[in-house]
There are 2 protein chains.
Amino acid sequence: MTATEAAPGQAPAGIALGSERPAGHASPTAAAGQLFAGRALRTSGKVLPEHARSHNRSLVLQTLYTLGAQSRADIARETGLTRVTISDLVAELIGEGLVVELGQREDARPGKPATLIDIDRTGHHVVALDLSEHTRFRGAVLDLDGATVARAEVALDGATGERAVELVTELLDGLLALTTSPVLGIGVGSPGVVGPDGVVRSAPNLGWTDLPLQERLQAAFHLPVHVANDANVAVLAEHAGAPGDLVLVKVGHGVGAGLIIGGRPVLGAGSAAGEIGHVVVGTDGGPRCACGKHGCLEAWLAVPRLTAELERLGDADAAASAREETLREAGRRLGIVLAPVVGALNLSEVVLSGPTELLDGPLLEAAVETVRNRTMTEHHRELRLRMTAHGQDIVLRGAAVMVLSGQLGVS
Amino acid sequence: MTATEAAPGQAPAGIALGSERPAGHASPTAAAGQLFAGRALRTSGKVLPEHARSHNRSLVLQTLYTLGAQSRADIARETGLTRVTISDLVAELIGEGLVVELGQREDARPGKPATLIDIDRTGHHVVALDLSEHTRFRGAVLDLDGATVARAEVALDGATGERAVELVTELLDGLLALTTSPVLGIGVGSPGVVGPDGVVRSAPNLGWTDLPLQERLQAAFHLPVHVANDANVAVLAEHAGAPGDLVLVKVGHGVGAGLIIGGRPVLGAGSAAGEIGHVVVGTDGGPRCACGKHGCLEAWLAVPRLTAELERLGDADAAASAREETLREAGRRLGIVLAPVVGALNLSEVVLSGPTELLDGPLLEAAVETVRNRTMTEHHRELRLRMTAHGQDIVLRGAAVMVLSGQLGVS
DNA sequence: TCACGTTTGTTAGTAGACCTTACGAACAAA
DNA sequence: TTTGTTCGTAAGGTCTACTAACAAACGTGA
């Protein structure tokens, strides 16, 4: 069996064949259940027994990924498949180098000692890119544990269009040179509207329109590439196996959101789901926004606007309450926009990502309070609104999760 | 093969065995892909080849359901499965009585004439109930084409609690007596919060709390029963195979919504998705609501409030513009609540259900305009906001779709 | 110490699901 | 009548996961 069999019944879009890469860069088989293009077992369309196997293969990987090293018998008990089937699947995965035997379990129990196996976590790397910042592109090499192996970045210096694409490939070149293990794939979080096929429909700041970034990077690097919107990518980092619905609001130069509902990312009719930055807040006007409207969420909440306002107030003690009120007001505005969404989706968790010094404090408190006051509290008693724990690296980590999901079916 | 094999790998919740029903009431096998409990091929959990077959079985039914009578070869081409496999599946379905041969196709083409087959559309009935009205329970017997075979209703007369349950069973008794074909199942759209297991968590108007309605009706009638929230059921009627996302807003005594995202209904963390009636609209107060807050969507938009307001204004010509402004204002308020949801989900379609004379006109126009003005128009150029075409029967028809989806995997 | 039970992982054989290949039947067009 | 097409079915092969059985390796208790 070769290691580069595309999923049958579907065009093998997005699966590069890696044969032209230097040794050590393998492309494992595409597995069912990836988070973006291809969706988990397409709602319609035929399902063959081999799809079932692909699903079960991912199930084994997922079990190992979340539970850590296990014996074959453990996995059988966990998944409900038989030991025989698990042995067969594991043999396949070991053959592909994705899984390794770790030796015998050491604790003293009756019976034959178990052979522990696990995903070769440090033996594979993922390359992740965050293109969402305004002044630089950031990137990192991660192993499957999420540990950062290497970092790199390039200054943008106002580059746009084709020049910006060049910077992406340069950054990737540098990162790939830093990898010391086979690379499972490349994950990219891009600003703007990104189609499910990794085409950047529109990213004004980078001057990109209908740029087939995923396809081009795939052609250039001969590795599986996944490109998606930065906020949609970020929410994957936060999702991390939690089964419930989740919304992540990413506050930066703009304001965007990523949604996971029913365990699957929401893309929207025009691939523009989560673009809440230019939704008007409230019925009492508000600051003028770059888009021409008044009182857009971005006009209240975007980082440049908040920092400018705080700077204007100065850092004198006398202005402390005015500064706090500025943040509270921004939080209230966020809450006003979130309330209908929380109500309509009956969300249990909303996560905020962005500069901690601005968001984590009065702003967050005001947002929680506002959402509570504006929705039917009894349905949202368990609503949690909190800061992300991933900090600045959330897009990078999410991009890595996207690759894991796409290549291994692990999410 | 028996006709009552529950889906393996999962408790056969919600699949009654029909054996105690009088002849003519069969329960076909549970199929994959139903819309509520059981979800389309559970995200996690093992998948066996027999699940694949169940899926393909549903695929055949779905193809017939949406395309109408077809030959086996047509279905093979449409689904991508081979003629052999389709023949096998069809033989199974014919054996169960779900599908019938209609004789040869009549048009003149070279080759052996095709034998047309179709779901036995008039040979099966579905019983649907709408419990969402305030003064009565409505019900109907439908065939698989959606044609109404019979109708019935009972006056509520303020009945609550156990007495209301009795009225439901009486209504069902009457409707089942009117069926003249095997009944596939019973679908119920109930007001209030309904769990995925058909337990009515809370329906204040009926005085129901944690009422296991689905289970009780199943026990009473020995037929598959599906119970869900009325708005969540209504959106199924509107969905009807359209692959995109969809939100239905149901305006009546209260205001509720049903959401379908990625082809699947959204239930929410507390099964309360779509409960937008008590989301506060705008930042300028508003009418006091029964819930205690000011400016809830229901306080603006609910039918009793609107009719009362219009009555207060009188039907004199002089008050015409005031009446229109009342409706426009209600529409604007709806638009204000919808805008963040439309933006966050990048919706392409929102459907309104309720009294046409109130909703279809200035109210709808104002809502469209408001949503457009408050979101980023370029992403929502194709947004359609329209009245349902199902009229008053939308919950009944949706309840029928729910049964079809649950029993046949057809949606 | 040694039989015994327990647990692990593998081997062998079976049932199910879909595929490819092949074929007869039935028709239109030449 | 011949030729080509299309339909549905039959036979045989491959793949998947299952059951049954077993050897290996370990504690435990007599």
Rounded to whole angstroms, how far apart are [atom1] on [X] and [atom2] on [N]?
X	N	atom1	atom2	value
B/His55	C/dA17	NE2	C1'	14 Å
A/His51	C/dC18	NE2	P	12 Å
A/Leu48	D/dA17	CG	C1'	16 Å

Should A/Glu78 and B/Lys46 be marked as a salt bridge (charged side-chain N to carboxylate O under 4.0 Å, His left out) after you check the CA-CA gap, both sets of side-chain angles, and the distance that decides it? CA-CA 10 Å; A/Glu78 182 68 24; B/Lys46 63 178 173 181; over 6 Å; no
Lys/Arg-Asp/Glu bridge criterion (N-O < 4.0 Å) met for [X], [Y]:
X	Y	value
A/Arg105	A/Asp74	yes
B/Arg121	B/Asp145	yes
A/Asp88	A/Arg57	no

Nearest to the side chain of B/Ala73 - D/dG8, C/dT8, D/dT19? D/dG8
Would one find a side-chain N or O of [X] under 4.0 angstrom from OP1 or OP2 of [N]?
X	N	value
A/Arg77	C/dT8	yes
A/Ser87	C/dG9	no
B/Ser71	D/dT6	no
B/Thr85	C/dC19	yes
B/Asn56	C/dC18	yes
B/Thr82	C/dC18	no

Pick base, sugar-phosphate or nothing for [X], based on heavy-atom distances below 4.0 Å to the nucleic acid.
X	result
B/Asp88	nothing
A/Leu81	sugar-phosphate
B/Arg105	nothing
A/Arg53	sugar-phosphate

Going by modelled atom types, is there a donor-acceptor pair between the base of C/dG9 and the side chain of A/Arg83 at under 3.5 Å? yes
